[in-house]
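Note that the coordinates shown come from a computational prediction; the quantities given were computed from them, not determined experimentally. Each chain gets a letter, A, B and so on, in the order its sequence line appears, and its residues count up from 1.
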Amino acid sequence: MSSLQYATPASVQEAVALLAKAEGKARILAGGTDLLVQMRAGMVDPALIVDIKKIPGLRTVTREGGGYRIGAAVAGAELSDRADISKDWPGVVEAFDLIGSTQIQGRASLGGNLCNASPAADSVPALVAAGAKATVAGPGGTRIVPVEEIPTGPGRTSLKPGEFIVDFVLPAKAAGTGDAYLRLIPRTEMDIAVVGVGVCLTLDAAGVCTAARVALGAVAPTVLLVPDAAKALVGSRLDEAALQKLDAAAQAACRPINDKRGTIAYRTKVAGVLARRAALIAADRARTN
Amino acid sequence: MAKHHVTTTINGESVEFLCDTRQTLLDVLRDELELTGSKEGCASGDCGACSVLVDGRLVCSCLVLGVEAEGKSIETIEGMAKGDKLHPLQQKFLEHAALQCGICTPGFLVAAKALLDSNPNPTETEVRYWLAGNLCRCTGYDKIIRAVLDAAAEMRGETHG
Ligand SMILES: Cc1cc2nc3c(=O)[nH]c(=O)nc-3n(C[C@H](O)[C@H](O)[C@H](O)COP(=O)(O)OP(=O)(O)OC[C@H]3O[C@@H](n4cnc5c(N)ncnc54)[C@H](O)[C@@H]3O)c2cc1C
Ligand code: FES
Ligand code: FES
């Protein structure tokens, strides 16, 4: 076992410098609920752990321009404690809250869930549906990246060497907007999504859908933003014909794996069913918003 | 590499220890500080036997590095009884026979106390979801849930039947 260094940078710049110097042998530590498990299993063997939780802003949630800026290392339990964001973005907060147990919630972060890059990461479809953007810091400065552009495959991201996520921005919600996330797991708690669906949509005063985003998890190597599923909803009142189109578009987008928790046919069918249900929940929330 | 020198607070007392980066908070509690109440069931976040509070948040100490304890306040099962006086949860676990081998018990107690401290009157469903990350291989969950609900009632000052 090689000796393992540990650093708690006090600023984004310091973290970027540490990552640059480590030349790919460093790992970011947020809540550690993926990283420490993988280290123990011998799947990763870093030379340096960069604990980002002491960097100002990484563990705070602030209101900004009608939306929210959420530090990349904010724990699930910390976000669920916030009544304001739970009311504005219930789909995002519920999706994050589905991750693991109460104990895991005490540590798990959005940044870790996204950068661990599991196709089944629960918070990711909800963030994508909400139109969340990640602030990415690196040697070249800071860039703003839509969440759906971060994962590139199981365990892989588009982050360049030395880059890390500082925070996420949830936009100001247009009037009449609601979001929802549903997942299917074989148990009621503590399991990995067989399918996850995030929907965010906007209804006008007459109940007609004017904008929508639909994102699928666990049915492809990365989260999928499905424009055809959104198109099925826009212009409709979420009647049966529109829901059928949504169902079909969600199914058409799936490229799942076969495994012990779900066959290709099952995952595909469930993606359509959950898309319908999530759309109806999001619409209910949009009406009361 | 030199060991980390960590200063932290455990069950209200200031504590210093040395650890390697690879040692988890659970390793430190058990191997360096002889606080062996917290158990290692899985070391992967699945069983909850290692549950402790860090700055008031319930976590798995097997998924926290020892060095992360610097400057934090940690509560473990050892801080639960006050001298010889058991916490009502501990008393109710005994009365309801909510333990057999006892490996899971410290984790259940720490987790249940965290629930009752924030929600003195939880429903059975709330208790079951809150404790979903605590696994028990011998007693079965019903007795544990009954013990928690009964302790909650007693702590609220209600008589029970
Ligand atoms: C018992 C258990 C149950 C679980 N259940 C679920 C579940 O139901 N759903 C689910 O989706 N996940 C689940 N997980 C996985 C895990 O808890 C989540 O993925 C969690 O969100 C990871 O966050 P973290 O802060 O702990 O990440 P860490 O372990 O700290 O980091 C994860 C990875 O991302 C990198 N990273 C972390 N933060 C950043 C950043 N800001 N910028 C760049 N890279 C970063 C790390 O280097 C590491 O490679 C579970 C895990 C356990 C142990
Ligand atoms: S030993 Fe930590 S969760 Fe099992
Ligand atoms: S009493 Fe043995 S595991 Fe619960």
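Both the backbone and the side chain of B:Ala43 come within contact range of chain A, judged by heavy atoms closer than 4.5 Å. For a residue to count as touching a neighbouring chain, one of its non-hydrogen atoms must lie under 4.5 Å from one of that chain's; by this rule A:Glu78 touches chain B with backbone and side chain alike. Of the two parts of A:Leu29, only the side chain, counted from C-beta on, holds a non-hydrogen atom closer than 4.5 Å to a non-hydrogen atom of chain B. Only the side chain of A:Asp81 has a heavy atom closer than 4.5 Å to any heavy atom of chain B.
Going from atom CG of B:Leu65 over to atom CG of A:Asp51 covers 8.0 Å, rounded to the nearest 0.5 Å. Summarising the geometry, atom CG belonging to B:Asn134 is positioned 7.5 Å from atom OG1 belonging to A:Thr102; distances are rounded to the nearest 0.5 Å.
Salt bridge A:Arg107/B:Glu68: present, at least one basic N to carboxylate O contact under 4.0 Å.
Between the side chain of B:Arg22 and the backbone N or O of A:Leu4 there is no donor-acceptor pair closer than 3.5 Å.
Contact residues of residues 48-60 of chain B toward chain A are B:Gly48, B:Ser51, B:Arg57, B:Leu58, B:Val59, B:Cys60 (heavy-atom distance under 4.5 Å). Residues of residues 77-85 of chain B never come closer than 4.5 Å to chain A when only heavy atoms are counted.
Shown here is B:Tyr141, whose OH atom has more than 12 heavy atoms of other residues, nucleotides or ligands within 6.0 Å. For B:Arg137, the CZ atom is loosely surrounded, since the number of other residues' heavy atoms within 6.0 Å does not exceed 12.
Here the shortest heavy-atom pairing between B:Gly133 and A:Ser101 reads CA-CB, 3.4 Å. Here the closest heavy-atom approach between residue B:Ala111 and residue A:Gln103 is recorded as CB-NE2, 3.9 Å. Taking all atoms of both residues into account, the shortest heavy-atom contact from A:Leu36 to B:Val64 is CD1-N, 3.8 Å.
Under the salt bridge (charged side-chain N to carboxylate O under 4.0 Å, His left out) criterion, A:Arg69 pairs with A:Glu64, A:Asp167, not counting sequence neighbours. For B:Glu124, the salt bridge (charged side-chain N to carboxylate O under 4.0 Å, His left out) partners two or more places apart in sequence, or in a different chain, are B:Arg128, B:Arg146.
Within the 4.5 Å cutoff, the side chain of B:Glu70 has no heavy atoms near those of the A:Thr8 side chain.
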